[in-house]
Amino acid sequence: MDLNVDFAGIKLKNPLVGASGTFGYGLTYEKFFDLSLIGGFCTKGLSMKPREGNPTPRICETPSGMLNAIGLQNVGYEKFATKKMPKLRKISTAVIANFFGETMEEYIELAAKLDALEGIHGLEMNISCPNVEKGGAAFGTDIRVTEAVVKGCRAVVKNKPLIVKLSPNVADIAEFARACEGSGADGLSVINTLVGMAIDIKNRKPILANVTGGLSGPAIRPVAVRMVWQCYKAVKIPIFGIGGVASAKDVVEFIMAGASAVQVGTMNFVSPDIIPQLAEELPELLVRLGAASVSELVGVAHGG
Amino acid sequence: MDLNVDFAGIKLKNPLVGASGTFGYGLTYEKFFDLSLIGGFCTKGLSMKPREGNPTPRICETPSGMLNAIGLQNVGYEKFATKKMPKLRKISTAVIANFFGETMEEYIELAAKLDALEGIHGLEMNISCPNVEKGGAAFGTDIRVTEAVVKGCRAVVKNKPLIVKLSPNVADIAEFARACEGSGADGLSVINTLVGMAIDIKNRKPILANVTGGLSGPAIRPVAVRMVWQCYKAVKIPIFGIGGVASAKDVVEFIMAGASAVQVGTMNFVSPDIIPQLAEELPELLVRLGAASVSELVGVAHGG
Amino acid sequence: MQCTVTSIQSLAAGFFHLSLTPEKPLGPITPGQFVMIRCGESTDPLLRRPMSVADFEADGSRLGLLVQIAGRGTGTISRLDKGDQLDLIGPFGQGYSVPPEARTIVIVAGGTGVAPFMTLTPTLVSQGKDVHVLLGARTKELLLMEEWFLHAGASLHVATDDGSKGFDGLVTALMMERLDHMEEPPDMALACGPAGMMRAVAALAEHNNIPCQVSLENSMACGFGACLGCVAHVRGEKRYVTVCRKGPVFDSREVLI
Amino acid sequence: MQCTVTSIQSLAAGFFHLSLTPEKPLGPITPGQFVMIRCGESTDPLLRRPMSVADFEADGSRLGLLVQIAGRGTGTISRLDKGDQLDLIGPFGQGYSVPPEARTIVIVAGGTGVAPFMTLTPTLVSQGKDVHVLLGARTKELLLMEEWFLHAGASLHVATDDGSKGFDGLVTALMMERLDHMEEPPDMALACGPAGMMRAVAALAEHNNIPCQVSLENSMACGFGACLGCVAHVRGEKRYVTVCRKGPVFDSREVLI
Ligand SMILES: Cc1cc2nc3c(=O)[nH]c(=O)nc-3n(C[C@H](O)[C@H](O)[C@H](O)COP(=O)(O)OP(=O)(O)OC[C@H]3O[C@@H](n4cnc5c(N)ncnc54)[C@H](O)[C@@H]3O)c2cc1C
Ligand SMILES: Cc1cc2nc3c(=O)[nH]c(=O)nc-3n(C[C@H](O)[C@H](O)[C@H](O)COP(=O)(O)OP(=O)(O)OC[C@H]3O[C@@H](n4cnc5c(N)ncnc54)[C@H](O)[C@@H]3O)c2cc1C
Ligand SMILES: Cc1cc2nc3c(=O)[nH]c(=O)nc-3n(C[C@H](O)[C@H](O)[C@H](O)COP(=O)(O)O)c2cc1C
Ligand SMILES: Cc1cc2nc3c(=O)[nH]c(=O)nc-3n(C[C@H](O)[C@H](O)[C@H](O)COP(=O)(O)O)c2cc1C
Ligand code: FES
Ligand code: FES
């Protein structure tokens, strides 16, 4: 069974990739399995400077999902490049650097650095984070800002595929997909978390210290599949399907909706070896579905 | 314990209302309990003419939720007014007429008729349905269209509270809340279903005949609570909290986020007598939380 | 309604029979009606699962279900033990209705589709009717409740897809064969099983001018007419009917199967 | 890792002890480490629940958990029977670490906080240390594992909030009283229990200049350092540490409790 996927030039040995923020810098999972078994992973979202993230509580379980308000805690570019990369270069798996900035300049500066960093196979721009220059609304919910930041990064990212991770908190995701494609993106990641919240009724206040958080897990899968479907209709660049993947069936669901590969997030917390497990189960399911490769199923649910 | 709520002039004997499309025309639930035990209910969405709805399959279960694409099947205004209302007038519970139109004119025509219909306590405008004049995008995802249709209905609804039910499939729900308030709405219902979909991997096509459907149930509760929270900050008119209510705890969560009352939808399917059950459990929970009435808890999670 | 599991018995690989005693009698039941069962207390799976009432006491003080393990919900139920509780609501829907003047009845059942006929067959026999039961399954081991129908006094014919027992082929082919054998066409056909089988039985019955009732297994969210999710198309009209309320048993000419 | 339940025993209303045999030994365990257990196969509840390892074999070929029914997850676990399977991963985190030179140890445990001390206490006693165990609970019936600690050779003192047994008051008040009674301050204090109790024990220990280790029970999504959800504030710095990886046991002066 051919599980290989060429995702915008990134060679994945299977279509299963660890999602940003749920996979650390990869090494956390080494105690559970051999990282070379998986297609690749996206790093925890990187910023120029280290960030300590939000106060606690940062997480909260919800029906078939969870809320997180980690606040983009990360070690920062320098430490990532000097402490994590040397180890990651030795592992035969695709390393995709997820990154963000608080300002347009920070995005561009970091994109340029990551583009030059040896051992990084692709860049994934997280545009769901607050734009401090624009009063804190997410970059990725304003179409003009999205275009500007993608174009800005595109101009400096010359060696590696540039993937844009879309925010689902918009009315028309297809419009954003087209804007990213038009601004030079090589691929899309669909979707980031939905904004949600929960209340601590005993203490009469939001559970999360940050008030709102990102909803992830199986609960959001129907929304994610729909958005992948819409993006597939809208653009020609490949799409990572993300949101609640928990079984080989779910992987195929995203692929048939139009994803070239999928990312697994929250379920890594529940079953840390879920990605290699899915890689093992996938071929059998594909055979049962009469498919000889992953690629022949991409978007088939859209019909002829 | 005082469970009474005055919702924009609609007297509810408790803050528990059946959500539109999950409660038929009320009478379906008479075999499970005495309808006078509940605060009220919203009718299945009404249109001027009867509608047969979408082809099947129309529903599909998802993790802690379900997708539906019923397609707004309903008996139409005339049959509702002549066949259902005579029975409903005999029941001591608030009857809120949920309605929609395919065009601005249909909305306004129907709003005027419902405003004049005896026994209806309030009107709930569903603005999540496709605008046929504008290529099928939902009325409620375009701020100008939302304002226009709310103003249009407001002008003819002279006797009864006019509640607008918001679509959650937007980037900034607060903007829509403000637009509705500014256009004369007396209350808001937050939220309608999220757009989702699921794929039948065996047959390589969407499960729902309509391709996409509305996601409801506990899965969406965190998104709904967040949107109620945002709307409460944005407007002064009362809010129905809707989305995944399954327990008395959930009721209080919505109230503390800013809802004056809640609507229960999908969980009616699982436990047809859940609304009177919640009405029974609520007082005890309120006592445990140190509250003497529902109203004193509205929005308390926002702090002083 | 909470019910106590009074017995749970494996019938064949992936099939079992559950006997239940409700807290309070459910009230009168008609064969072909169904209950909606809750599979666990979690919100995943969220919705109740529809199950035909198989054997039962007339007042609903005891009922049996014949369950095929199809997925997570039925899997959970299969792990219940005697003494455990099961939450169900119902009975719902319209069952089979056989007019007094019908003398010869052909019953066609596939898989757990035998459930509604467990109580109906002995009733019809006791009314002096000539009842022919045709049971189908993939293979011999999966023929459910053969003994029961033998004892019920019906004339029993079985079909297996692999020919391991009885007629070699689909139960609908067996039906065709039986219709050829009968001197007079039966007054009525009653069927329950997968959609494909329902379609074939309906076509055969129509072709032979036999009034036929089929049971539909559309996906259901509520089971009692509130969600409008389960609808079937009314034949020749642009109109839907709720399977849970107007069915699940329909005259085969009434709906598109 | 699948484990077989070899026994499940109710200890008091809402508390039970679970004995488990993993498919394969988990490997070496330190008291204070924890495992993450899956509560059912559904996605609701979704996340694993952290549980301290209570009693165990050194190689992790058997382990016991002391569980308080706090909600749905632990409720599900409480209904397991002998022979059932339980899915867990771990052990994770850093346990208690008592330096060889520490001679006198005060252990303060509330509720299921006794768990990590079930194996640690006899170990410390066997090393010739003078171990004082202070157990607290709301009322007499909820004092867990008293017998165990009596047999372990520690000097045992109990406190109940309602005075129904032992010291009348909080276990931290009992600790204060014991400290007054001791001729020399102990070399070390080890504590496990609710956050409020941890704060009080830490304050007392600090006030008396006793090195103190506390165990934190922050909410955890993963348990192994991947989600960054469980962090605690490092005292005096603008920096967080993961409780699941750098803890759950910390020197009380290291983190904000
Ligand atoms: C009126 C009626 C009576 C029924 N009577 C019986 C009976 O007596 N015995 C019995 O074993 N089964 C019966 N069924 C079918 C039974 O409801 C499904 O097998 C069950 O819902 C599957 O649940 P699950 O969680 O185990 O499987 P799931 O994990 O939900 O699904 C497994 C497979 O079953 C299909 N499925 C899911 N729900 C339904 C549904 N409502 N109808 C048909 N297929 C479905 C799915 O598409 C999937 O392919 C009846 C169905 C209806 C509508
Ligand atoms: C390192 C560690 C070790 C633990 N050891 C034990 C132990 O040995 N025995 C034991 O009985 N319990 C222990 N706990 C607490 C245990 O994890 C929670 O009681 C359990 O997760 C509750 O799950 P539930 O589904 O039953 O309750 P839920 O329905 O999830 O919640 C019920 C209540 O418990 C609270 N809660 C939920 N999750 C946690 C959590 N992770 N930490 C603290 N409170 C929580 C909720 O806020 C709520 O008030 C430990 C926790 C940690 C972090
Ligand atoms: C704890 C946590 C932290 C996350 N951090 C990031 C991040 O730093 N950058 C990012 O682009 N996405 C982040 N995400 C989003 C995930 O990568 C993924 O898009 C989302 O969780 C949906 O997938 P899932 O349902 O499989 O978890 C985070 C998600 C979780 C649960
Ligand atoms: C089967 C079904 C039909 C619905 N039909 C309507 C409708 O006609 N009009 C409307 O405004 N909302 C409709 N809704 C949305 C619900 O009223 C409610 O807003 C939504 O389901 C979220 O609440 P819940 O999670 O409690 O179900 C429908 C929902 C379901 C599940
Ligand atoms: S199942 Fe809900 S209407 Fe039939
Ligand atoms: S629980 Fe996930 S990092 Fe600690």
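Within every chain, numbering begins at 1; the chains are lettered A, B, ... in the order of the sequence lines, protein sequences first and strands thereafter. The figures here come from the full heavy-atom set of this structure, side chains too, leaving out hydrogens, waters and symmetry mates.
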*Is it the backbone or the side chain of C/Met36 that comes under 4.5 Å from a heavy atom of chain B, or both, or neither?*
neither

_As an exercise: rank B/Gly24, B/Cys60, B/Gly71, B/Gly65 by heavy-atom pairs under 4.5 Å with chain C and give me the winner._
B/Gly65

*Contacting moiety of B/Asn54, where chain C heavy atoms sit under 4.5 Å*: backbone

_Within a 6.0 Å radius of atom CD on B/Glu280, are there more than 12 heavy atoms belonging to other residues, nucleotides or ligands?_
no

_Which atoms of B/Phe32 approach chain C - backbone, side chain, both or neither, heavy atom under 4.5 Å_ = side chain

*Nearest 0.5 Å, what's the CD1-CE distance between B/Ile59 and C/Met220?*
8.5 Å

*Proximal component of B/Pro50, with respect to chain C [non-hydrogen, under 4.5 Å]*: neither

*Hey, what do you get for SG (C/Cys222) to OH (B/Tyr29), rounding to the nearest 0.5 Å?*
6.0 Å

*Please list, in residue-number order, every residue in residues 223-243 of chain C that has a heavy atom less than 4.5 Å from any heavy atom of chain B; write 'none' if there are none.*
C/Phe224, C/Gly225, C/Ala226, C/Cys227, C/Leu228, C/Gly229, C/Val231, C/Lys238, C/Arg239, C/Tyr240

*Determine which residues belonging to residues 38-57 of chain C lie within contact range of chain B, meaning some heavy atom pair is under 4.5 Å apart, and list them by number or answer 'none'.*
C/Arg38, C/Thr43, C/Asp44, C/Pro45, C/Leu46, C/Leu47, C/Arg48, C/Arg49

*Choice from B/Gly21, B/Pro55, B/Ala246, B/Pro57 maximising heavy atom contacts with chain C below 4.5 Å*: B/Pro55

*Residues, nucleotides or ligands: over 12 heavy atoms within 6.0 Å of C/Gln2 CD*: yes

_Region of B/Pro63 that comes under 4.5 Å of a non-hydrogen atom in chain C_ = both

